[in-house]
Amino acid sequence: MITLEHVSKTYSTGAPALNDVSLHIEPGEFVFIVGDSGSGKSTLIKLLLRELMPTSGSITVNGINVAALKHREIPMYRRKLGVVFQDFRLLKDRNVYENVAFAQRIIQTPGREIKKNVPSILSTVGLAGKYKARPKQLSGGEQQRVALARALVNNPPILLADEPTGNLDPNNSWEIMKLFEEINEAGTTVVVVTHNREIVNAMRKRVIAMNKGVIVSDQKEGTYVDEI
Amino acid sequence: MKFSTFFYTLKQGFVSIFRNKWYSLASVATISACLLLFGVFYSVVANFQYIVKMAQEGVSVTVFFDEGLSDDRIAEIGDIITKRPEVARINFVSADEAWESFKDEYLGEYADGFGDDNPIADSANYEVYLKDVSKQEELVKYLKGVDGVREVNHSDITANTLSGMNKLISYVSLAVIGILLAVSIFLISNTVTIGISVRKEEINIMKYIGATDFFVRAPFVFEGILIGIIGCLPPLVAIYFVYQHVIDYLSTRFTMLSQLLKFLTVSQIFQVLLPVSLAIGIGIGFIGSFSTVRKHIRV
Ligand SMILES: Nc1ncnc2c1ncn2[C@@H]1O[C@H](COP(=O)(O)OP(=O)(O)O)[C@@H](O)[C@H]1O
Ligand SMILES: [Mg+2]
């Protein structure tokens, strides 16, 4: 489902952010990526989103050679990826409903179906009844649920999350992670970058640990790995 | 583009204008100001050119014939003159007509003393009207060489002044229109850049979710076009209502010039001003938003 082969990424300034990383994720897996700040986790996510190009190596996602995509092919590619960020990235001047519906409008879903799908996904993430609220009127946990609903409404085969609980209190963090788990159980491949030691230790999923741009450990049903 | 996408684009364009009230207002005001300047300027120049053109049409060259020249030869000379490319039309004035008009103009009631005699029997002539007064000198030189022509009367001063003035007006109008366009494009691109910086984040989010460039751009571009159209309205309305007052004022204030000063009507002005203003407004709105969105759209 996701394969990286000898991938390196060096920003124009300084040392490589990723250094010869190889990695394989099977369909239906749930993977945590952990590591100190600056270890290259976000860079990895950005490469998967094709926000960045690798300096060397190859990345294959859903059978697509990501580095070879042309500019105009990128939108189609991204529609197969659900993505959630630490800072939610909602459209501030649209309400909850419109934020989620937006993802469907992009792929030209007929209006009738949008009216069915959006309420259904909003109730899945526990936000039924908040359709008309603006992002500003919601708590962090609620905003992240909207972002999650938006990421999921088009049924992407892969969900990527970069520190999705970084701005949330422990309760909300747990609820978001539980949602990820449910989504994963329904068949979606889930990759979550996180600093949340307690949750990682409790959930017993695959844990990939990074440090200074390299993978330092990769455990099945693992636990949070401290700096090595 | 699907129907639902089309309506989404229109709706977002409208919503966006109201959501970013100040940005929209600034853009509309900029376009309005430019188009007002353009409109006022156009009205002045168009009238100037109209006045010059009217005056030009009044300028004629008069051709007199050798004494006792046959009617056939006079007709031939008429053909020769008509065939000249710079000639708009000619008018034959018989000796009797010339005498009548001379009487009317200079003698009035004293003309009765002449009875039925025509003291200027050889004054039959052609009045020649030119398409382009700047060619007058050339034409006069040619006509003097034509067999059977006795004399050619003309006024150098009028012709030269008019064609000079016409050139001057053309240059000045080109320069001013150029400056206005440059200023308005500069102002618009500034305003749009400010507006876009607010929405840069929004654009990036849309791209993360997989929106195509077209899908992201279309509402912004539609918004720009809409702003352009709205920006056209105030100056057009203002000019429409003020123009007639100004013309009336000028005509009553300078009555002795009213013979010379012929003004265009509002509808004549609007035949050009309306489509050109709309085109400029829409063009500026389109180019401004399209190019600026394009700059900020690569993620
Ligand atoms: N846009 C950038 N330009 C230059 N260096 C960057 C950029 N983004 C990240 N880096 C550097 O790359 C390294 C990895 O960063 P990042 O992938 O954000 O780490 P993490 O998400 O694990 O905290 C860091 O040393 C960081 O300073
Ligand atoms: Mg990071």
Side-chain angles (χ1 to χ4, degrees), chain A residues 45-46 48-53 69-85 87-95 98-115 134-135 143 146-154 156 158-162, chain B residues 1-27 192 194-223 226-227 289-291 293-299:
Chain A
I45 297 288
K46 285 176 184 164
L48 293 176
L49 278 174
R50 182 52 158 79
E51 189 184 336
L52 296 175
M53 287 280 274
L69 287 172
K70 297 196 178 74
H71 176 75
R72 66 183 157 76
E73 295 169 331
I74 296 175
M76 288 300 163
Y77 166 72
R78 286 187 182 152
R79 290 171 193 180
K80 296 278 191 294
L81 306 173
V83 56
V84 176
F85 299 96
D87 54 0
F88 320 132
R89 302 201 187 169
L90 299 174
L91 300 171
K92 291 187 186 60
D93 39 20
R94 294 182 207 195
N95 63 26
E98 272 307 317
N99 262 283
V100 179
F102 184 75
Q104 294 237 284
R105 298 199 197 284
I106 284 172
I107 61 167
Q108 311 213 332
T109 310
R112 270 171 291 113
E113 287 185 38
I114 296 180
K115 286 198 186 103
R134 295 279 161 121
Q143 290 188 53
V146 179
L148 185 56
R150 181 181 67 189
L152 294 175
V153 70
N154 293 338
I158 298 175
L159 180 68
L160 305 175
D162 192 355
Chain B
M1 181 167 32
K2 279 204 181 167
F3 228 51
S4 56
T5 309
F6 179 70
F7 281 117
Y8 169 81
T9 298
L10 294 194
K11 190 180 159 212
Q12 284 308 311
F14 276 113
V15 167
S16 184
I17 284 184
F18 289 106
R19 199 183 283 144
N20 306 284
K21 279 189 227 48
W22 296 112
Y23 157 66
S24 310
L25 209 63
S27 303
V192 173
I194 293 166
I196 223 80
S197 68
V198 178
R199 300 187 226 179
K200 203 167 176 176
E201 203 188 328
E202 197 175 326
I203 292 174
N204 284 339
I205 293 170
M206 292 177 182
K207 296 289 291 178
Y208 276 124
I209 312 171
T212 56
D213 289 356
F214 176 83
F215 193 89
V216 176
R217 254 179 223 164
F220 287 105
V221 172
F222 176 68
E223 183 187 345
L226 213 57
I227 284 176
S289 51
F290 186 83
S291 62
V293 172
R294 185 189 196 113
K295 246 192 285 179
H296 294 282
I297 220 160
R298 297 214 162 223
V299 177

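Order of the sequence lines fixes the chain letters, A, B, ..., with proteins taken first and strands second; residue numbering starts at 1 for each chain. Values below: all heavy atoms of this structure, side chains included; hydrogens, waters and symmetry mates excluded.
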For Tyr208(B) and Val83(A), the nearest pair of non-hydrogen atoms, with its separation, is O-CG1, 4.2 Å
Those residues at least two apart in sequence (or on a different chain) that pass side chain to side chain donor-acceptor pair (under 3.5 Å) with Asp87(A) are Arg89(A)
What part of Leu52(A) gets closer than 4.5 Å to chain B, counting heavy atoms only: side chain, backbone, both or neither? neither
Nearest atoms (heavy-atom pairs only) where Arg79(A) meets Ile209(B): CG-O, 4.1 Å
Turns out that what part of Tyr77(A) lies under 4.5 Å from chain B's heavy atoms comes down to neither
Can you say whether Arg94(A) sits under 4.5 Å from chain B via the side chain, the backbone, both, or neither, judging by heavy atoms? side chain
Give a yes or no on whether Met76(A) atom CE has more than 12 heavy-atom contacts from other residues, nucleotides or ligands under 6.0 Å away. no
Measuring from Tyr8(B):OH to Glu98(A):CD, what's the distance to the nearest 0.5 Å? 7.0 Å
Locate the shortest heavy-atom distance separating Arg78(A) from Lys207(B); write the atom from each residue and the value. NH1-O, 3.0 Å
Below 4.5 Å from any heavy atom of chain B, which atoms of Lys80(A) appear? Answer side chain, backbone, both or neither. neither
Between Ile205(B) and chain A, which part of the residue has a heavy atom less than 4.5 Å away: side chain, backbone, both or neither? side chain
Partner chain B: residue of Ile114(A), Leu91(A), Ile107(A) with the largest heavy-atom pair count (under 4.5 Å): Leu91(A)
Could you pull out all residues at least two apart from Gln143(A) that satisfy side chain to side chain donor-acceptor pair (under 3.5 Å)? none
Compare every heavy atom of Met206(B) with every heavy atom of Ile106(A), then report the nearest pair and how far apart it is. CD1-O, 4.0 Å
Taking all non-hydrogen atoms of both residues into account, name the closest pair between Gly210(B) and Pro75(A) and its distance. O-CB, 3.4 Å
